[in-house]
Amino acid sequence: MWAPVISAEEIPEVEEIVDRANKTAYYAGDDGKASVTMTITDSQGRVRAREFIILRKDIKDGGAQNFYVYFKKPADVRKMVFMVHKKIEEDDDRWLYLPALDLVKRIAASDKRTSFVGSHFLYEDVSGRSVLDDVHTLVETDDRHFVLDNVPRDPSVVEFSSYKIWIDRKTFMPMKAEYLDKDKRLYRVVEALEVKDIQGHPTVVKSRVRDLINGGETVSEFSDVSYDIGLGDIFTERYLRRAPSEARR
Amino acid sequence: MTAFRCRIIVILTVAGVFAVSGAVTVNNTFASDLSDWMYDRYESELFGFMEARQGWRLQDDPHEEDETISEARFQLDLSKEFDWGIGRFKGDLVGDRILDEVRGELRELNISFSPAKFMDVKAGRQIQTWGTGDLLFINDLFPKDWESFFTGRDDEYLKAPSDSIRTSFFSDAVNLDISYSPLFNGSNYIDGSRLSYWNGARIAGREDRFRDDERNRFLRDDEISMRISKTIEGIELALYGYNGFWQTPEGLDPDTGKGIYPRLRTVGGSARGPMLGGIGYAEAGYYDSHQDRDGSDPFIRNSEVRFLAGYERELDRNLTGGLQYYLEWMLDYSEYESSLLPGAVRKDEERHVLTLRLTRLMMNQNLKVSLFVYYSPSDQDAYFRPKIHYKVSDRWSIETGGNIFTGKDDHTFFAQFEDNTNAYAGARYSF
């Protein structure tokens with residue numbers, strides 16, 4: 001719609017690749033909804049499951065956006081709500097609603113590289129790492145992927161030294177990311193296992209994170225994905241206390 | 001019923017809960033099948049848990065038994081969506097060996113609906129919370145259950161239910177919440193039945209339970225809580241008002257010797273927002289004890305100004321720390337002093353409290369180790385709440401913790417509970 005089709009000879013600038021990949025992965029449509037099942041397998045093979053509905057609304061394409069996560073499973077977190085007002089230049093605002101106490105808690109955590117609900121996915125994997133946080137270099141272009149190397153501008157706040165990312169040349173969907181730790185060992189791989197076209201948007205419907213050092217992995221499966229559902233302003237305290245119908249169904 | 005028969009029933013209930021949870025464990029799908037069946041047949045969501053919890057005093061208490069908690073609990077949480085809104089039931093069946101009873105506790109029975117786009121209503125028994133403090137409350141005058149808090153029940157039980165109609169109005173300018181209870185709810189305070197306490201003259205327990213005159217005139221002993229809130233640039237601002245009664249019996253009827261709930265009005269405000277990479281907040285309230293506005297009645301607690309300020313931030317990955325300062329400032333102190341009854345312990349004009357919270361998540365967030373400390377430099381007492389919670393699986397969790405009270409004098413708020421210092425452990429199966 002806004003992107004011209006590029007031929008094999010034409011290699012876009014690296015910043016354009018990064019920008020389009022970011023928008024493809026995190027900004028499809030003006031808003032969206034998905035039902036997510038996470039299967040977490042720890043290093044000893046024990047399996048835990050998480051099930052939640054995620055609602056997203058973009059304030060600006062490629063910029064600020066809001067997330068609403070409504071938990072369904074396991075039973076001890078059911079009806080809990082996690083809400084994020086994602087910002088680009090400053091820290092995100094995050095809230096947690098605990099229904100048993102009717103408590104709206106503001107979360108102090110500013111570290112985006114912590115585990116999301118105990119899975120191998122990090123907050124940043126779910127809401128997107130700011131494109132401003134890394135220096136990107138196009139290191140390879142094969143017939144299917146642009147391969148980018150990404151070095152953090154501030155290495156002190158992240159656990160990796162760099163990561164490589166494979167971006168699909170046709171759809172601009174990031175298909176794989178490999179993270180090197182501070183000793184340059186490959187320790188973490190995030191992959192899109194299945195991509196579907198939904199309402200004209202390439203959509204990852206199955207993804208996996210593997211922890212290569214400790215073992216263990218998390219597989220996420222996305223169902224009932226839809227875009228441009230006309231979400232109202234549900235990202236407020238009102239809807240923490242009373243989940244909107246889009247989250248309950 | 002004789003005490004013996006009562007005990008048999010309690011033991012049978014506890015055994016029953018364990019038998020059911022044992023059966024559920026053997027056949028792990030039973031509970032989820034039940035939930036699915038409820039959903040398919042009645043389009044209702046059914047959840048719940050079974051748990052057992054046991055706690056002991058870590059020292060002798062001449063006024064109480066050794067056990068502080070010994071109970072099995074079965075909770076059902078049922079909700080159904082209708083065209084007009086949502087109906088909800090949440091209730092516990094408790095086999096309690098300390099009080100030798102089996103009881104039902106209705107935590108929620110309410111309907112919620114939106115009569116207009118800008119309006120939400122929730123009517124019936126419900127849990128309500130607002131304000132900014134972390135385990136400190138100024139403008140939240142909804143009922144609490146301090147006994148649960150001090151004996152190590154799950155945090156959920158610190159908030160006691162209220163029978164209210166809560167109406168919320170939303171607009172771009174401000175939001176308004178009004179919660180009306182036709183009959184005063186009140187908090188579950190420490191009365192000696194389970195935990196020993198300072199009775200005004202000495203430490204007392206089961207043999208000398210504190211008695212109160214309940215407020216029980218429907219529509220006359222009513223209470224109303226209000227909040228006006230608005231968020232500006234990520235900072236949550238709120239004004240509060242309350243008209244009702246002290247939540248605990250802060251008055252005494254000199255004729256009967258029973259506690260009474262004097263009338264209370266409060267007004268206050270709060271602010272909360274991002275600060276220095278964490279969350280900062282402050283809250284203040286004026287407690288107008290208007291049955292004794294000039295402070296000269298020795299049987300009714302004086303008016304107060306209360307204030308708190310807090311800051312919470314991530315100290316390291318998966319480690320969060322929080323600090324709070326809290327003040328209770330008694331007004332009309334000279335009237336209080338001059339009307340003090342002979343032999344009564346003189347309270348300070350100002351009570352200062354500092355709190356510290358440390359929470360560490362480990363093992364993929366399945367292990368949570370936390371410590372919460374209240375320390376009062378003016379009362380020279382403290383209360384420590386260490387806790388370890390481990391999620392064995394998606395259904396099973398275990399936890400252990402303590403409630404440690406210490407202090408210089410017998411009569412200060414935390415020190416009076418010194419002989420109740422306890423440790424507890426519990427296991428829960430959720431479905």
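Chain letters run A, B, ... following the sequence lines, proteins first, then strands; residues in each count from 1.
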Could you state the interatomic distance from [atom1] ([X]) to [atom2] ([Y]), rounded to the nearest 0.5 Å?
{"X": "Thr236(A)", "Y": "Asn175(B)", "atom1": "OG1", "atom2": "CG", "result": "7.5 Å"}
{"X": "Trp95(A)", "Y": "Ile279(B)", "atom1": "CH2", "atom2": "CD1", "result": "8.5 Å"}
{"X": "Asp134(B)", "Y": "Leu103(A)", "atom1": "CG", "atom2": "CG", "result": "8.5 Å"}

Should we count [atom1] of [X] as having more than 12 external heavy atoms under 6.0 Å?
{"X": "Lys164(A)", "atom1": "NZ", "answer": "no"}
{"X": "Lys368(B)", "atom1": "NZ", "answer": "no"}
{"X": "Lys87(A)", "atom1": "NZ", "answer": "yes"}
{"X": "Asp30(A)", "atom1": "CG", "answer": "no"}
{"X": "Asp183(A)", "atom1": "CG", "answer": "yes"}

>> Under a 3.5 Å distance rule, please check whether Glu314(B) uses its side chain to pair with a backbone N or O of Ala108(A) as donor and acceptor.
In response: no
>> Checking the side chain of Thr129(B) only, and the main-chain atoms of Leu101(A) only, is there a donor and an acceptor separated by less than 3.5 Å?
In response: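 Yes, the answer is positive, given that a donor and an acceptor are paired below the 3.5 Å cut-off.
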>> Going by salt bridge (charged side-chain N to carboxylate O under 4.0 Å, His left out), Asp394(B) matches just one of Lys72(A), Arg50(A), Lys73(A). Which one?
In response: Arg50(A)
Segment of [X] engaging chain A (4.5 angstrom heavy-atom cut-off):
{"X": "Thr132(B)", "result": "neither"}
{"X": "Asn318(B)", "result": "both"}
{"X": "Lys391(B)", "result": "both"}
{"X": "Gln126(B)", "result": "neither"}
{"X": "Leu315(B)", "result": "neither"}

> Looking at Arg317(B) and Thr114(A), what are the two nearest heavy atoms and their distance?
Replying inline: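 Residues Arg317(B) and Thr114(A), closest heavy atoms: CG-CG2, 3.3 Å.
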>> On a heavy-atom basis, which atom in Pro274(B) and which in Asp93(A) lie closest, and how many Å separate them?
In response: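 Smallest heavy-atom distance, with atoms named: CG-OD1, 3.7 Å.
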>> I need the residue from Met275(B), Glu156(B), Arg428(B) with the largest number of non-hydrogen atom pairs under 4.5 Å to chain A.
In response: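 Ranked by contacts with chain A, first place is Glu156(B).
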> What option among Gly234(B), Gly48(B), Ser229(B), Gly278(B) has the most heavy-atom pairs under 4.5 Å with chain A?
Replying inline: Gly234(B)
> Heavy-atom distance under 4.5 Å to chain B: side chain of Val77(A), backbone, both or neither?
Replying inline: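 Only the side chain of Val77(A) comes within 4.5 Å of chain B.
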> Tell me, side chain or backbone of Arg241(A) under 4.5 Å from chain B's heavy atoms, or both, or neither?
Replying inline: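 For Arg241(A), the contact with chain B is made by the side chain alone.
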>> Using the rule given for side chain to side chain donor-acceptor pair (under 3.5 Å), can you reason through Arg242(A) versus Ser114(B), listing the C-alpha separation, both sets of side-chain angles and the distance that settles it, and then say yes or no?
In response: CA-CA 10 Å; Arg242(A) 192 183 69 96; Ser114(B) 298; 3.2 Å; yes
> Is Arg46(A) close to Asn364(B) at the side-chain level, that is, under 4.5 Å between some pair of heavy atoms?
Replying inline: no
>> Quick check: do Lys79(A) and Ser79(B) have side-chain heavy atoms less than 4.5 Å from each other?
In response: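 SC-SC contact between Lys79(A) and Ser79(B) confirmed.
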Check [Y] with [X], please: is the shortest side-chain N to carboxylate O separation under 4.0 Å?
{"X": "Asp102(A)", "Y": "Lys159(B)", "answer": "no"}
{"X": "Arg106(A)", "Y": "Glu312(B)", "answer": "no"}
{"X": "Arg78(A)", "Y": "Asp77(B)", "answer": "yes"}
{"X": "Arg227(B)", "Y": "Glu237(A)", "answer": "yes"}

>> Under the criterion side chain to side chain contact (heavy atoms under 4.5 Å, CB included), I'd like the reasoning laid out for Arg395(B) against Asp76(A): C-alpha separation, chi angles, the key distance, then a yes or no.
In response: CA-CA 8 Å; Arg395(B) 297 199 176 274; Asp76(A) 66 328; over 6 Å; no
> Can you tell which of Pro99(A), Gly118(A), Pro74(A), Ala75(A) has the highest number of heavy-atom pairs within less than 4.5 Å of chain B?
Replying inline: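 Most pairs with chain B among the choices: Gly118(A).
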